[in-house]
Enquirer: 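The structure is given below, and queries will be raised subsequently.
Along the sequence shown, residues carry numbers from 1.
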Amino acid sequence: MIICKHVTAGYGKQPVLQDITLSFRPGEVMAVIGPNGCGKSTLLRTALGLLKPMSGEVCYDEVPIDRLSVREIARKAAFLTQSRDTPNIPVEKLVLHGRFPWLGFPRQYGKRDREIAKAAMESTNCLGLAEKMLPELSGGQRQEVYLAMTIAQTTKTLFMDEPTTYLDICNQLQLLQSARKAADEGKAVVMVLHDIPQALLFADRIALLQNGRLVLCDVPEKVAASGKIEEVFSVRLTSIETPEGVRYLCGL
């Protein structure tokens, strides 16, 4: 399990996060929400060791992250970034890149690596695209492929920074369902989301940030009932009873 303990972090001498304590638990989807600029992406980068805390510490299975090598971190946590290049390579080859932390030198894929990549593509509904070149795909298809790559990394934790950005609603729901499936299989899944109703629907816990501080972290029902979403976002949150359970809408 990854734990951030009283973490303050930022860029240069300017803190963006202030005294954040959070745990990312196996078998759980955590949605990180908050207004633009509140520190959501900074939180992920700090938890991944890409940004060193100004104070506090990040621990992986009770080991401080500064005692781990880049390769050791990559075997424990995968990162689906907000923006990325689109190399002119086949889908299967890109997904196999997720196996890099587990390969020696020279990087030669074995039978197990290819089996893991195939299973990752199956789980994200992109196995049928395996031989296609990445630039030929739609934005939604490429997002599924990059998610497959992070799953092929076979880490205990997946961090995803705004994974639904630019996707149509069908692709958004498919990606969120893939993330849900990964958590159900035992991974800790941490997603930065801007769509509050989606966060409340798919997450097991919601971490709400404002001005670099953690306002609260709890199950969706308690976060919705707290009134803090309305306060932080200046919106009105409405709950609706449906045959599938409670659903939420945001309005002004």
Enquirer: Are Asp61 and Lys76 side-chain neighbours, meaning at least one heavy-atom pair lies under 4.5 Å?
Expert: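 A side-chain contact exists here, since the closest heavy-atom pair is under 4.5 Å.
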Enquirer: Hey, could you give me the CD/OG1 distance between Glu122 and Thr124, rounded to the nearest 0.5 Å?
Expert: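 Answer for the CD-OG1 pair, Glu122 versus Thr124, is 9.5 Å.
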Enquirer: Not counting sequence neighbours, which residues clear ring-ring contact (aromatic ring centres under 6.0 Å, His included) with His6? List them please.
Expert: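 Partners of His6 under the ring-ring contact (aromatic ring centres under 6.0 Å, His included) test: none.
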Enquirer: Between Asp204 and Arg25, is the closest basic N to carboxylate O distance under 4.0 Å?
Expert: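 So Arg25 does not pair with Asp204 through a salt bridge.
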Enquirer: Under 4.5 Å between side-chain heavy atoms, counting indirect links through other Ile/Leu/Val/Met/Phe/Trp/Tyr residues: same cluster for Ile151 and Val95 or not?
Expert: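 Ile151 clusters together with Val95.
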Enquirer: If we only count heavy atoms from C-beta on, is the Asp218 to Ile206 side-chain gap below 4.5 Å?
Expert: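 No, side chains not in contact.
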Enquirer: Do any N or O atoms from the side chain of Trp102 and from the backbone of Arg75 form a donor-acceptor pair under 3.5 angstrom?
Expert: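 Checked: no pair found.
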Enquirer: Give, for atom CG of Leu94 and atom CG of Asn88, the distance between the pair rounded to the nearest 0.5 Å.
Expert: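 One gets 11.5 Å once the value is rounded to the nearest 0.5 Å.
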Enquirer: Could you check whether any side-chain N or O of Arg205 sits under 3.5 Å from a backbone N or O of Met30, counting only pairs where one atom can act as donor and the other as acceptor?
Expert: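 Such a contact is absent between Arg205 side chain and Met30 backbone.
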Enquirer: Considering all heavy atoms of both residues, which atom of Thr8 and which atom of Pro15 are nearest to each other, and what is their separation?
Expert: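 Result for this residue pair: CG2-CB, 3.9 Å.
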Enquirer: If you look at every heavy atom in Ala31 and Ala199, which pair is closest and at what distance?
Expert: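 Nearest pair, atom of Ala31 first, then Ala199: CB-CB, 3.8 Å.
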Enquirer: Please tell me whether Ser41 and Asp161 have a donor and an acceptor in their side chains that are separated by less than 3.5 angstrom.
Expert: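 A pair is found: one side chain offers a donor N or O, the other an acceptor, under 3.5 Å apart.
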Enquirer: Run the side-chain donor-acceptor check on residues 228-241: report pairs under 3.5 Å with partners two or more places apart or on a different chain.
Expert:
residue, atom, partner, partner atom, Å
Arg236, NH1, Thr238, OG1, 3.1

Enquirer: Is there a side-chain contact between Pro26 and Met1 (heavy atoms, below 4.5 Å)?
Expert: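 When only atoms from C-beta onward are counted, Met1 and Pro26 do touch, with a gap below 4.5 Å.
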Enquirer: Testing the basics here: between Cys250 and Pro197, what is the closest heavy-atom pair and its distance to 0.1 Å?
Expert: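 Nearest heavy atoms, Cys250 then Pro197: SG-CD, 4.0 Å.
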Enquirer: Tell me if a side-chain donor or acceptor on Gln198 pairs with a main-chain N or O of Asp195 at a distance below 3.5 Å.
Expert: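 Pair absent, no side-chain N/O of Gln198 close to backbone of Asp195.
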Enquirer: Is the closest side-chain heavy-atom distance between Gln153 and Pro101 below 4.5 Å?
Expert: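 They are in side-chain contact.
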Enquirer: How far does CG of Leu209 sit from CG of Leu214, to the nearest 0.5 angstrom?
Expert: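 Those atoms lie 6.0 Å apart.
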Enquirer: Partners of Phe159 by ring-ring contact (aromatic ring centres under 6.0 Å, His included), sequence neighbours excluded?
Expert: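 For Phe159 the ring-ring contact (aromatic ring centres under 6.0 Å, His included) partners, ignoring immediate neighbours, are Phe24.
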Enquirer: Any chain of hydrophobic side-chain contacts (each under 4.5 Å) joining Leu127 to Leu134?
Expert: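 Yes, one cluster joins them.
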Enquirer: If we count only N and O atoms by modelled type, under 3.5 Å, do the side chains of Arg99 and Thr154 hold a donor and an acceptor together?
Expert: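 Yes, Thr154 and Arg99 have a side-chain donor paired with an acceptor closer than 3.5 Å.
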Enquirer: Can you check whether Thr46 reaches Cys4 side chain to side chain, under 4.5 Å on heavy atoms?
Expert: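 No, too far: nothing below the 4.5 Å cut-off.
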Enquirer: Please answer whether the main-chain N or O of Pro64 pairs with a side-chain N or O of Glu57 as donor and acceptor at a distance below 3.5 Å.
Expert: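 Between the backbone of Pro64 and the side chain of Glu57 there is no qualifying donor-acceptor contact (under 3.5 Å).
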Enquirer: Taking side chain to side chain donor-acceptor pair (under 3.5 Å) as the definition, give me every residue that meets it alongside Asn211, ordered by chain and number, with sequence neighbours left out.
Expert: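 If we apply the side chain to side chain donor-acceptor pair (under 3.5 Å) test to Asn211, skipping adjacent residues, there are no hits.
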Enquirer: Under the side chain to side chain contact (heavy atoms under 4.5 Å, CB included) rule, what do Ile3 and Glu62 come out as? Steps first, then yes or no, please.
Expert: CA-CA 8 Å; Ile3 302 176; Glu62 300 183 358; over 6 Å; no
Enquirer: Under a 4.5 Å side-chain heavy-atom rule over Ile, Leu, Val, Met, Phe, Trp and Tyr, are Val215 and Tyr248 clustered together?
Expert: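 Yes, one cluster joins them.
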Enquirer: Rounded to the nearest 0.5 Å, how far apart are CG of Leu208 and CD1 of Ile33?
Expert: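 That separation rounds to 5.0 Å.
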Enquirer: Do the non-hydrogen side-chain atoms of Phe79 and Leu44 ever get within less than 4.5 Å of each other?
Expert: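 With C-beta onward as the side chain, the pair touches.
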Enquirer: What residues form a side chain to side chain donor-acceptor pair (under 3.5 Å) with Gln143, not counting sequence neighbours?
Expert: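 Expected list: Arg84.
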Enquirer: Using the rule given for side chain to side chain contact (heavy atoms under 4.5 Å, CB included), can you reason through Glu162 versus His194, listing the C-alpha separation, both sets of side-chain angles and the distance that settles it, and then say yes or no?
Expert: CA-CA 7 Å; Glu162 299 186 28; His194 279 295; 3.2 Å; yes
Enquirer: So, Thr42 versus Tyr11: side-chain donor-acceptor pair below 3.5 Å or not?
Expert: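 There is such a pair (donor and acceptor under 3.5 Å, judged by atom type) between the side chains of Thr42 and Tyr11.
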Enquirer: Of all the heavy-atom pairs spanning Gly140 and Leu167, show the shortest one and how long it is.
Expert: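 Looks like CA-CD2, 3.3 Å.
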Enquirer: What's the shortest heavy-atom distance between Cys38 and Leu17, and which atoms?
Expert: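 The answer is O-CD2, 4.4 Å.
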Enquirer: Apply salt bridge (charged side-chain N to carboxylate O under 4.0 Å, His left out) to Arg213 and list each qualifying residue two or more places apart in sequence or on a separate chain.
Expert: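 For Arg213 there are no salt bridge (charged side-chain N to carboxylate O under 4.0 Å, His left out) partners, ignoring immediate neighbours.
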Enquirer: For Glu131, look at atom CD and say whether over 12 heavy atoms of other residues, nucleotides or ligands are found less than 6.0 Å away.
Expert: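 At most 12 heavy atoms, drawn from other residues, nucleotides or ligands, come within 6.0 Å of this atom.
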Enquirer: Quick one: do Val32 and Leu43 satisfy side chain to side chain contact (heavy atoms under 4.5 Å, CB included)? Show the steps, please.
Expert: CA-CA 9 Å; Val32 181; Leu43 172 63; 4.2 Å; yes
Enquirer: Taking all atoms of both residues into account, what is the closest heavy-atom pair of Pro87 and Pro135, and its distance?
Expert: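 The pair with the smallest heavy-atom distance is O-CD, 3.6 Å.
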Enquirer: Would you find a donor on one side and an acceptor on the other, under 3.5 Å apart, between the side chain of Asp113 and the backbone of Gly110?
Expert: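 Between the backbone of Gly110 and the side chain of Asp113 there is a qualifying donor-acceptor contact (under 3.5 Å).
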Enquirer: Using side-chain heavy atoms (C-beta onward) and a distance below 4.5 Å, is Gln141 in contact with Leu129?
Expert: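 When only atoms from C-beta onward are counted, Leu129 and Gln141 do touch, with a gap below 4.5 Å.
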Enquirer: Distance check, rounded to the nearest 0.5 Å: Phe202 atom CZ versus Leu176 atom CG?
Expert: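 With rounding to 0.5 Å, CZ (Phe202) is 4.5 Å from CG (Leu176).
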Enquirer: Under 4.5 Å between side-chain heavy atoms, hopping through other hydrophobics if needed: is there a path connecting Val246 to Leu201?
Expert: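 Val246 does not cluster with Leu201.
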Enquirer: Distance-only, no hydrogens or angles: does the Lys40 side chain make a donor-acceptor pair with backbone N or O of Pro35 under 3.5 Å?
Expert: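 Checking the backbone N and O of Pro35 against the side chain of Lys40, a donor-acceptor pair under 3.5 Å is found.
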Enquirer: Could you walk me through whether Lys187 and Glu28 pass side chain to side chain contact (heavy atoms under 4.5 Å, CB included), step by step?
Expert: CA-CA 7 Å; Lys187 294 182 184 293; Glu28 178 183 86; over 6 Å; no
Enquirer: So how far is it from Leu175 CG to Leu80 CG, rounded to the nearest 0.5 Å?
Expert: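 Rounded to the nearest 0.5 Å, the CG-CG separation comes to 7.0 Å.
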Enquirer: Does the side chain of Glu72 come within less than 4.5 Å of Arg67's, by heavy atoms?
Expert: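 Heavy-atom side-chain distance check fails, nothing below 4.5 Å.
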Enquirer: Tyr109, Met149: one ILVMFWY side-chain cluster at the under-4.5 Å cut-off?
Expert: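 No: no chain of side-chain contacts under 4.5 Å links Tyr109 to Met149.
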